[in-house]
Amino acid sequence: MNKDSKIDNETLRHSASHILATAVLEMFPDAKLGIGPAIEDGFYYDFLLPRTLIPEDLPLIEKKMQHLIKQNLKFEKYEEPIEEAEKFLHKTKQDLKVELVAGLKEDGETKVSFYKTGNFVDLCKGPHIDSTNKLKAVKLTHISGSYWRGDNERPQLQRIYGVAFNSKEELKEWEERMRESAKRDHRELGKKLDLFSFHHEAPGAAFWHPRGKFVYDQMVNFMKAENEKRGYEEIATPIVLSSELWKQSGHYENFKENMYFTDFEEREFAVKPMNCPGGCQLFAEKLPSYRELPIRHAEFGIVHRLELSGVLHGLLRVRQFTQDDAHIYCTPEQLEDEIVKIIEYTTDVYKSFGFENFELFIATKPEKKAIGDDTTWQKATNALENAMRKLKLDWGVKEGEGAFYGPKIEFNVKDAIGRNWQLGTCQIDFNLPERFDLNYIGEDGEKHRPVMIHRAIIGSFERFLAVLLEHTAGDLPLFLQSEVARIIPVASEFAKEGEKIMKELKSKGVRTGIDLSNDSLSKKVRNGELMKIPYLLVVGEKEAKSGKLTVRERGKEKQETISIADFIKNF
RNA sequence: GCCGCCGUAGCUCAGUCGGUAGAGCACACCCAUGGUAAGGGUGGGGUCAGCGGUUCAAAUCCGCUCGGCGGCUCCA
């Protein structure tokens with residue numbers, strides 16, 4: 001397709017939001033307009049409305065939009081001195097826009113631009129399409145609440161979301177993508193594959209079924225083995241620790257609202273929301289020599305965070321989870337090298353789980369809440385950048401999104417259908433070594449402050465499994481399958497033969513199950529496929545006589561007849 | 001937490017205008033003994049999320065609580 005003939009998506013989508021606002025104003029002349037930007041795939045517009053929207057309003061508004069679009073309205077731009085603009089917006093009672101202009105004025109703007117489409121006029125920087133006839137594929141998707149200017153102290157507006165594309169075909173593709181995403185929903189797959197469940201009694205905490213627990217343990221085992229190879233030592237610290245510790249670490253002050261507390265004998269304890277303070281206690285017990293550094297302490301710690309009820313989402317956002325946490329204490333000179341190792345380690349692990357594409361971001365010093373001076377921050381940020389350069393990696397920057405105690409690398413993976421997920425993190429910490437007075441003895445015989453790195457590769461095993469399920473659509477890699485092969489006797493008469501084969505495969509380390517139900521062969525194959533069992537082995541007269549296996553591979557209808565020995569070679 | 005929507009059998013869902021519940025799958029039993037994505041029959045299974053209210057009568061209307069979903073805010 002000729003690129004020039006296509007309108008830049010952002011322009012198109014932002015223009016669609018103006019039409020949405022026009023339609024909403026037709027329906028509610030007193031509506032106050034918030035903002036209406038373009039977003040991925042579409043746009044939204046925020047409104048303050050005289051009544052609450054109901055889902056049935058959406059098609060009505062969409063119809064009005066289509067009507068406007070058909071009129072081939074022009075987008076006309078004009079500029080005004082900012083004072084004139086204020087007057088106009090006051091007169092039209094667009095209070096929210098008045099606030100926006102006041103902000104622009106404070107920033108020193110003297111002129112602002114408006115766009116006029118039919119009778120609709122909106123304060124807007126643009127750019128826009130020239131005419132509504134370019135809006136060929138627009139669809140409203142959902143309604144939600146949203147805080148004005150993202151501030152939860154302020155009243156909520158009603159936000160209408162929509163999508164817009166250059167062509168009907170692209171809209172169809174988007175709809176197909178949505179269907180594909182829904183099919184891969186890890187919450188559904190978790191239920192269908194009998195991996196985990198959630199119950200009213202423990203919102204935000206998973207119940208692991210045998211098949212799910214197997215996957216979970218395999219992931220943990222994998223990381224344990226890798227840690228061992230890469231010079232980590234594993235530790236474990238208590239789950240419930242005195243509030244004193246959390247006050248010392250700063251978590252009490254920053255995250256008290258999101259912690260679970262319990263009182264005992266007039267002493268307050270908290271369930272740990274993270275592992276580091278406990279880890280620091282352990283490190284502080286002895287005063288290591290610089291010769292011992294770096295010290296790499298890994299901990300598969302179960303942590304609890306009292307997340308707000310509205311943010312819980314399957315395994316992706318939970319209140320109880322296990323991190324593949326590690327804390328590395330090193331000298332400033334070792335920092336860069338350690339970061340290099342962590343990046344390599346992280347990307348190696350992602351590849352092992354079948355994630356081929358990833359993106360890295362450096363999150364820098366937050367504007368508001370941050371400790372430590374700029375020089376220290378810059379040094380740490382440089383160390384992160386240098387490590388990336390050494391590995392010839394590209395990275396993006398997330399300005400101001402670092403932790404309050406230091407900059408970090410965020411690892412994102414791209415899944416099979418192109419969605420991005422944030423998983424691992426590598427954070428430099430200036431805070432805890434100070435607060436816990438961590439030291440090592442340097443070459444000079446003096447105490448020195450170690451640099452502390454927090455790193456999690458998997459992140460949380462819960463979240464990682466969610467992403468892996470969405471990525472693979474449930475076709476988990478063999479090493480995570482609790483049942484790699486399932487024997488399906490053609491009839492009950494062959495159950496004995498099937499059990500014999502199962503025993504043999506099991507003895508060779510192939511995790512094998514058998515379907516002894518009275519279901520028909522077809523039904524048993526269907527069930528095996530639905531459970532995403534990698535290999536289905538049908539056993540009947542043929543197999544009993546020849547001693548061979550008829551193998552049906554997951555997702556493939558074609559079967560293969562091979563000897564047991566050959567089959568075992570797959571593993 | 002906030003805005004909106006939702007909660008009916010183990011699962012997926014139907015249930016009109018208020019008149020105390022249905023289907024398919026799953027499960028149990030029986031028949032059938034099958035060659036690669038649902039063989040047939042019979043049967044059991046529900047305080048309609050919970051509590052309160054309105055009503056002669058509530059799955060249905062109202063309120064509260066709990067939980068889920070879509071967003072917002074948050075994410076050490």
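Here is how names work: the chains are called A, B, and so on, in the same order as the sequence lines, proteins then strands, and each is numbered from 1.
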Please enumerate all protein N or O atoms sitting under 3.5 Å from an N or O of nucleotides 9-12 of chain B, with distances to 0.1 Å.
from, atom 1, to, atom 2, distance (Å)
B:U12, OP1, A:Lys191, NZ, 2.8

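- Rounded to whole Å, the P atom of B:C51 lies 15 Å from the corresponding atom of B:C66.
- Looking at A:Glu483 and A:Arg486, a side-chain N of the basic residue comes within less than 4.0 Å of a carboxylate O on the acidic one, giving a salt bridge.
- Distance noted for atom C1' between B:U60 and B:U20: 11 Å (whole Å).
- Checked by atom type and distance alone, the side chain of A:Asp415 pairs as donor or acceptor with a backbone atom of A:Arg419 at under 3.5 Å.
- Separating the P atom of B:C61 from that of B:U8 is a span of 15 Å, rounded to the nearest Å.
- At a threshold of 4.0 angstrom between heavy atoms, the contacts of A:Glu543 include nucleobase atoms, whether or not backbone atoms are also involved.
- Going from the C1' atom of B:G45 to that of B:A26 covers 11 Å, rounded to whole Å.
- Judged as a side-chain contact (heavy atoms from CB on, under 4.5 Å), and not counting sequence neighbours, the contacts of A:Val318 are A:Phe198, A:Phe321, A:Glu462.
- Remark: A:Phe214 engages A:Gln218, A:Ser482, A:Arg511 in a side-chain contact (heavy atoms from CB on, under 4.5 Å) (not counting sequence neighbours).
- A:Lys379 NZ: 12 or fewer foreign heavy atoms inside a 6.0 Å radius.
- On the P atoms, B:C48 is 7 Å away from B:A59, given to the nearest whole Å.
- Taking atom P on both nucleotides, B:G50 is separated from B:G10 by 12 Å, rounded to a whole Å.
- Checking side-chain atoms of A:Asp185 against main-chain N and O of A:Ala182 turns up no donor-acceptor pair under 3.5 Å.
- Within 6.0 Å of NZ on A:Lys247 lie more than 12 heavy atoms contributed by other residues, nucleotides or ligands.
- Sequence neighbours left out, the pairs with a member in residues 143-153 of chain A that pass salt bridge (Lys or Arg N to Asp or Glu O under 4.0 Å) are A:Glu99-A:Arg149.
- For the C1' atoms, the distance from B:G40 to B:U55 is 48 Å, rounded to whole Å.
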Taking protein heavy atoms under 4.0 Å as touching, what does nucleotides 69-76 of chain B look like 5' to 3' if B marks base contact, S marks sugar-phosphate-only contact and - marks none? SBBBBBBB

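- Rounded to whole Å, atom C1' of B:U36 lies 15 Å from atom CD1 of A:Ile533.
- Partners of A:His313 under the side-chain contact (heavy atoms from CB on, under 4.5 Å) rule, at least two apart in sequence or in another chain, are A:His186, A:Arg187, A:Leu316, A:Arg317.
- Residue contacts for A:Ser492: at a heavy-atom cut-off of 4.0 Å it reaches a base atom on one of the strands shown.
- Salt bridge status for A:Lys523 with A:Asp515: absent, with no side-chain N to carboxylate O gap under 4.0 Å.
- Under the side-chain contact (heavy atoms from CB on, under 4.5 Å) criterion, A:His209 pairs with A:Asp194, A:Ser197, sequence neighbours left out.
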I'd like a table of donor-acceptor pairs (distance under 3.5 Å, sequence neighbours excluded) in which one partner is a side-chain atom from residues 271-278 of chain A, with atom names and distances.
from, atom 1, to, atom 2, distance (Å)
A:Lys272, NZ, A:Thr237, O, 3.2
A:Lys272, NZ, A:Thr237, OG1, 3.1
A:Lys272, NZ, A:Asn275, OD1, 2.9
A:Lys272, NZ, A:Glu299, OE2, 3.1
A:Asn275, ND2, A:Gln323, OE1, 3.1
A:Asn275, ND2, A:Asp325, OD2, 2.9

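- The aromatic rings of A:Trp174 and A:Phe165 sit tilted relative to each other, their planes meeting at an angle between 30° and 60°.
- Taking atom C1' on both nucleotides, B:A58 is separated from B:U16 by 16 Å, rounded to a whole Å.
- Checking side-chain atoms of A:Glu359 against main-chain N and O of A:Trp395 turns up no donor-acceptor pair under 3.5 Å.
- Contacts between residues 193-205 of chain A and RNA chain B, defined by a heavy-atom separation below 4.0 Å, involve A:His200, A:Pro203, listed by number.
- If you check every strand for non-hydrogen atoms under 4.0 Å, A:Ser249 touches nothing.
- Annotation: cation-pi pair A:Arg159/A:Tyr44 present, NZ/CZ under 6.0 Å from the ring centroid and within 45° of its normal.
- A salt bridge is absent between A:Asp566 and A:Lys548; no separation between the charged side-chain nitrogens and carboxylate oxygens falls under 4.0 Å.
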Let me have the donor-acceptor pairs involving side chains of residues 537-544 of chain A, under 3.5 Å, with sequence neighbours excluded, atom names and distances please.
from, atom 1, to, atom 2, distance (Å)
A:Glu541, OE2, A:Lys545, NZ, 3.3
A:Glu543, OE1, A:Gly540, N, 2.8
A:Glu543, OE2, A:Thr550, OG1, 2.3

What's touching nucleotides 37-42 of chain B from the protein side, N or O pairs under 3.5 Å?
from, atom 1, to, atom 2, distance (Å)
B:A37, N7, A:Arg552, NH2, 3.0
B:A38, N7, A:Arg526, NH1, 3.3
B:A38, N6, A:Arg526, NH2, 2.8
B:A38, N1, A:Arg526, NH2, 3.0
B:G39, OP1, A:Ser520, OG, 3.2
B:G39, OP2, A:Ser520, OG, 2.5

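- Summarising the geometry, the separation between CD on A:Glu493 and P on B:A32 is reported as 14 Å, rounded to the nearest angstrom.
- Listed by first residue number, the stems of RNA chain B with at least three Watson-Crick or G-U pairs below 3.5 Å are B:1-7 with B:66-72, B:10-13 with B:22-25, B:27-31 with B:39-43, B:49-53 with B:61-65.
- Rounded to whole Å, atom P of B:U36 lies 17 Å from atom CG of A:Leu549.
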